[in-house]
2 protein chains.
Amino acid sequence: MNQRRSHTGRRRNEAARRAILDAAVALLGAADGTPVTIDTVAAAAGVGKQTIYRWWPSKGAVLLDALAERAAAEIVPPDTGDLAADLAAFVRATFETARRPGTLAALRGTMAEALRDAHAGELMRAFAERRRAALRAVLDAARARGEIRADADLELAADQVFGVLWYRCLVGHAELDAASADRLAAAVAAQLRPVSAGGGPGTGTVAP
Amino acid sequence: MNQRRSHTGRRRNEAARRAILDAAVALLGAADGTPVTIDTVAAAAGVGKQTIYRWWPSKGAVLLDALAERAAAEIVPPDTGDLAADLAAFVRATFETARRPGTLAALRGTMAEALRDAHAGELMRAFAERRRAALRAVLDAARARGEIRADADLELAADQVFGVLWYRCLVGHAELDAASADRLAAAVAAQLRPVSAGGGPGTGTVAP
DNA sequence: GATTACCGAGACTCCCAGTCTCGTCAAATG
DNA sequence: CATTTGACGAGACTGGGAGTCTCGGTAATC
């Protein structure tokens, strides 16, 4: 509450913060089966364990922090003025980022931690919400241009995109390739378009 | 390899097998935060730990076994002769089953184990494949009836359905309600329909 | 009755998240 | 420059859980 002295003593070591986040990402994405434990992260960062726990409440918090930093920096929301193009660009960029070496393993490891620890789960929820908000910005811009039908469920559309991403990432049965991204984006764009605008899969006369 | 005596000695206790699987599901779905460990499962089943490890190679194998048994029994693939109706029925049934008390927690716990243990991950991949096969059966039947466009990506369609399911289950930001199931089924059905059949969101004249 | 294999119980090892303590080092105060 | 404050690296320590091992007991086969 009262702070007679603003902030005496040694300051936080920014280099250590960076080293910890970088080491966490590096270990998560390591091809060999190096376990991602607090000890290995601390050792890889050249840092004491307590330095990690001084600034993050749990291992999951570190991973989520590292992950969020990456995702926000990698994917810049496009705005070409066309729903189909914007959506395709967003989904392609998202899949492409996830496909980068080590990223899938990092996503898996972070989700594992989010499922194990309730606090990390909360952070994962917040992270996912931020990612959906980025996609929603694209959709909202399209809606403002009248490219989206009135009764469209934008939340469901966003969940379809990130659902496919996470499902394939976690189960590992299929690739997150560019072709899938394009098809997925096209399908979602078609389902959001106004009924009178046409152009998607359902184009043509009404069923008999 | 050679088996001079067919099978001497005491036989496997079927009651114990059932008790173990039931206890695993019960603990996974328990509302209180009871940890799902091998010890708690063994205790709840009234069984020694070794009896579990004698028949299953890991904790994850038990959970996957219990989960697969449930899912296969709960969801019977519909066949009304109409893609939209069948798909809606399948997705509704799937969401409904997942929404039953404790099931979401069970799915989360099992996925957590699948991410932690490579062997459990393999079993999860097989489980997911079986679930997609059930959905694919519905889609293949529709394709045989000519209700599906030639260039449709059935794998992607299936991943959209199960992607939304798992994404909402694991992140926990939205409900798996019947309305979402219907909208999702309708969207996927529309994206699979032949271009000349119409009836979906894209109905109407071609864009100017 | 001897052999074989499953059973419940529980001690044990190994690994890892998170805590605690130590001696040290840097920033602010006076 | 001396003192105070707090971050730092290192590492011992606790607690819990996965998986192994052993034991005495019990059911099925020979």
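By convention in this document, chain letters (A, B, ...) are assigned in the order of the sequence lines, proteins followed by strands, and residues within each chain are numbered from 1. Source: prediction; values computed, not measured.
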message: At less than 3.5 Å, do the side-chain atoms of B/Lys49 and the base atoms of D/dG19 form a donor-acceptor pair?
response: yes

Check: B/Gln160 side chain, A/Gln160 main-chain N or O, donor-acceptor pair, under 3.5 Å: no

message: Please check: side-chain N/O of B/Thr51 versus main-chain N/O of B/Val47, any donor-acceptor pairing under 3.5 Å?
response: no

Of the nucleotides [options], which one has an atom closest to the side chain of [X]?
| X | options | result |
| --- | --- | --- |
| A/Arg54 | D/dG25, D/dC8, D/dG19 | D/dC8 |
| B/Ile38 | D/dA18, D/dG17, D/dG9 | D/dA18 |
| A/Arg10 | C/dA5, D/dT20, D/dG6 | D/dG6 |
| B/Arg11 | D/dT29, C/dA28, C/dA17 | D/dT29 |
| B/Thr37 | C/dC16, D/dA10, D/dG17 | D/dG17 |

Base, sugar-phosphate or nothing for [X]? Non-hydrogen atoms, less than 4.0 Å.
| X | answer |
| --- | --- |
| B/Val41 | nothing |
| B/Arg17 | nothing |
| B/Trp56 | nothing |

Expressed in angstrom and rounded to an integer, what is the separation of [X] atom [atom1] from [N] atom [atom2]?
| X | N | atom1 | atom2 | answer |
| --- | --- | --- | --- | --- |
| B/Asp39 | D/dG16 | CG | P | 12 Å |
| A/Lys59 | C/dT19 | NZ | C1' | 17 Å |
| A/Ile20 | D/dG9 | CD1 | C1' | 11 Å |
| A/Ile52 | D/dG11 | CD1 | C1' | 14 Å |
| A/Asn13 | D/dT5 | CG | C1' | 17 Å |
| B/Arg12 | C/dA5 | CZ | P | 16 Å |

statement: 5'-most contact on DNA chain D (nearest-nucleotide basis), A/Gly9 vs B/Gly60, goes to A/Gly9

- prompt: Is the shortest heavy-atom distance from the side chain of A/Pro57 to the side chain of A/His119 under 4.5 Å?
  reply: yes

Looking at [X], I'd like to know whether one of its side-chain N or O atoms comes within less than 4.0 Å of OP1 or OP2 on [N].
| X | N | result |
| --- | --- | --- |
| A/Arg116 | D/dG17 | no |
| A/Thr8 | D/dT4 | no |
| A/Trp55 | D/dC8 | yes |

- prompt: Any chance CZ of B/Arg70 has more than 12 other-residue heavy atoms, nucleotides or ligands included, within less than 6.0 Å?
  reply: no

statement: The answer to which of A/Val36 and A/Gln50 contacts DNA chain C further toward the 5' end, by nearest nucleotide, is A/Val36

- prompt: Could B/Asp22 and B/Arg18 be called an ion pair, given the rule that one side-chain N must be under 4.0 Å from one carboxylate O?
  reply: yes

